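Beneath this line is the structure, given in C-alpha cells, with notes to follow.
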Amino acid sequence: MSADAWWKNGIVYQVYPRSFQDSDGDGIGDLRGIQKRLDYLVELGVDAVWISPIYPSPMADFGYDISDYCDIDPRFGTLDDFDALPAECRARGLKLVLDFVPNHTSDQHPWFLQSRAPRENPKRDWYLWRDPAPDGGPPTNWISNFGGPAWTFDEATGQYYAHSFLKEQPDLNWRNPEVREAMYEVLRFWLRRGVDGFRVDVLYHLVKDRLFRNNPPNPAFKPGQDPSHRLLPLYTTDRPEMQDIVVEMRRVVDAFSSEDSARVLIGELHLPLERLMAYYGRTPEGMLEGVQLPFNFQLIAAPWHAAEIDRIVRNYEAALPHGAAPNWVLGNHDKPRIASRVGQERARLAAMLLLTLRGTPTLYYGDEIGMADVPIPPAEVQDPFEKNAPGLGLGRDPQRTPMQWSRAPAAGFTQGRPWLRLADDWATRNVELQRGDPDSMLSLYQRLIALRRNEPALHEGRHEQLDAGPDVLAYARSAGTRRLVVLLNFAETEMTVHADLLPTEVVVVASTLAGRSGAVQGELVLQPLEGVVVAQ
Ligand code: NOJ
Ligand code: MG
C-alpha cells in the first residue's frame, strides 16, 4: 500500500461525539467513550474515524460554534483525554480525522469579543463588518443557512456583522492574511498531536464577494422549502478566491505527511458537479493540489431509483479529473438517515452500493445497525435549525440520537439520562443483538466491509457501468484478471439477469440476503430488493 492508500482505499466512519458513547454519566458522549469503542470500529472493519467537533463551544450549534480551536470542551473531556486517542487509534490501525470549522467561530471566541469591542481594535477586520444600508437595514440581502438575515446589528459599534449560520456563529474574514495564518496554525496544532486529517466544514463558504453584492433570487424556489434556498448563493459561496485558499490549506497539511502516512483534507462542499470537481485543485500540469476528497453527497439527495443512481454514478465517474479519488456518502448528522429515507430493506441495497462503488465510502454512525430517524417532540427539540424554521422537517435531532449498543439501560450509551431521546426500538435494534445474527444489518455491513478490504477489485479497481435493464443497477469492478459484477435489484419483484451480461457460471460472493452464496449455473435470478456481488 502506498502512503496515500488509506484514504483512497479505506473506509471512513463518522462519529457524532455527543451521541456515540458517554463515559461519565452526564448523558453526553465523550472522548473516553469513543476510546472505549475503538475496538468496535475494528470489529466493523473501518479504517478511519472522523469525529465531529469536540472543541470548547457554547453549543449554540452543538460544537460548530467554537470558542477555542486548540482545546477540548469539558463536556467531551480534556486535552489529555484527546492525546490518548492518536496512539490508541494507531495501535489498532485506525486513522483519526477531526472536524475543522474555518468559516465561523462562536460569538464567544476571544477573537470575536475583541473584534466587536467598541473602539478601533486589531481584530476588527478578522470578521465581516459593514455599515447599515441607507435605510438602516442589513448591508445586503444575504440569508443565513438557518433562516433569517445573514447579518446581525451590533448596537455598540453601529455596524452589522455577517454570519452564514446562526448569529452566534460570526463569519471570519478569509481575505485577511492574519486570519488565514491563525487558522492554519490551528491545523498545525492538531497535526502535531498526531491527527491524520480533517473534514473541513462548509469549505465553499469561506470567501464572500469583495463588493458585497446582493444574491439573485432563486427561480426554482417554492414556498415551504428550506428558506435559505430563496436566493442563489452566488456572492456568498464558491468565490474564485477559494481556489488559492484550498491550495494553501493543502500545503499546510502536506507538510505533515510522511512516507508511510499521508494527511488528508475532506471538504464539505454542497456544489453542482463541475464546481465540486474544481476543489480537487487540478493544475494545468495535471497535479491535484486541492482537497483530496471533496465530499460527494449525491447519494444523500438521490431519488431512490436504479435509473437515477445509474445516471449519478455515470456522471460522477465521467466528471472526475484524471487521477482524482472518488468518494461516496450515504448519510451524516445533517441529513435524514438512509433507513428512514428508503426503508430497512432498501437500506441493505444502499449498503452494498456504498461499499462496492469506486471511491472512499463514509459511514454515519448507527447506519450500520439500521438506526432510523427518531421523531423528537417539540418540547425536546435541541437543534437550532429546527427552532429557527420549525415544522419544515429541517431539524437534525432525529438523525443524532444516541448509538444503540445493547439492552442495558439507555442502550449502553450512558449511565445517566441521554441528552437526546433514544429510538423506541433500541432494545431490539442494537449492536449486541445484531452481532451474532447473520441476517442483521450489522452482519451485512461487516461482510461487505471485509469483502471490500480483501478484494483489490473493490477497493482500488476499475469501474465499468453495465446495462441490466431499468430496475437493476449493474456495474463491474476489476483489478488484474479479477472481475466482480455488482447487481442491485431495486424492484420488489424477482429479476432475471440477462444471459449476455454474465457467463453461464458465476459465484455469488456476497448478497444482501444472508445465506446466499456459491456457484450459480445458468440464469441468475435476483430476489426482490436483492443485491449481489458475483465473481466470474
Ligand atoms: C455544516 C455542519 O455539518 C453542520 O452541522 C453545521 O451546522 C454547519 N456546517 C455550520 O457549521
Ligand atoms: Mg459524558
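Atoms within each ligand, like the ligands themselves, are counted from 1 in listed order. In this text the structure is predicted, and so the values were computed from the model without any measurement.
Annotation: cation-pi geometry not satisfied between Arg130 and Trp151 (NZ/CZ under 6.0 angstrom from ring centroid, within 45° of ring axis). Remark: Arg124 qualifies as a cation-pi partner of Trp129 under the 6.0 Å distance and 45° angle criteria applied to the six-membered ring. Arg37 forms a cation-pi arrangement with Trp405, by the criterion of a distance under 6.0 Å to the ring centre and an angle within 45° of the ring axis. Judged by a 6.0 Å distance limit and a 45° cone about the ring axis, Arg337 is positioned over the six-membered ring of Tyr365.
Counting only protein atoms, the N, O or S atoms lying less than 2.8 Å from the Mg ion (ligand 2) are Asp22 OD1, Asp24 OD1, Asp26 OD1, Ile28 O, Asp30 OD2, ordered by chain and residue number.
Taking the six-membered ring where the residue is Trp, the centroids of Trp50 and Phe198 are separated by 6.0 Å or more. Residues Tyr69 and His109 place their aromatic rings such that the two centres sit under 6.0 Å apart.
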List of N/O pairs, ligand 1 versus protein, all under 3.5 Å?
residue: ligand 1; atom: 3 (O); partner: Arg199; partner atom: NH2; Å: 2.9
residue: ligand 1; atom: 3 (O); partner: His333; partner atom: NE2; Å: 2.8
residue: ligand 1; atom: 3 (O); partner: Asp334; partner atom: OD2; Å: 2.5
residue: ligand 1; atom: 5 (O); partner: His333; partner atom: NE2; Å: 3.0
residue: ligand 1; atom: 5 (O); partner: Asp334; partner atom: OD1; Å: 2.7
residue: ligand 1; atom: 5 (O); partner: Arg396; partner atom: NH1; Å: 3.2
residue: ligand 1; atom: 7 (O); partner: Asp61; partner atom: OD1; Å: 3.4
residue: ligand 1; atom: 7 (O); partner: Asp61; partner atom: OD2; Å: 2.5
residue: ligand 1; atom: 7 (O); partner: Arg396; partner atom: NH1; Å: 2.9
residue: ligand 1; atom: 9 (N); partner: Asp201; partner atom: OD1; Å: 2.9
residue: ligand 1; atom: 9 (N); partner: Asp201; partner atom: OD2; Å: 3.2
residue: ligand 1; atom: 11 (O); partner: His104; partner atom: NE2; Å: 2.9
residue: ligand 1; atom: 11 (O); partner: Asp201; partner atom: OD2; Å: 2.7

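Glu185 has a carboxylate O that lies under 4.0 Å from a charged side-chain N of Arg192, or vice versa, which qualifies the two as a salt bridge.
Phe221 contributes atom CZ, which lies 7.5 Å from atom CG of Asp226 (distance to the nearest 0.5 angstrom).
Taking all atoms of both residues into account, the shortest heavy-atom contact from Trp6 to Val264 is CH2-CG1, 3.3 Å.
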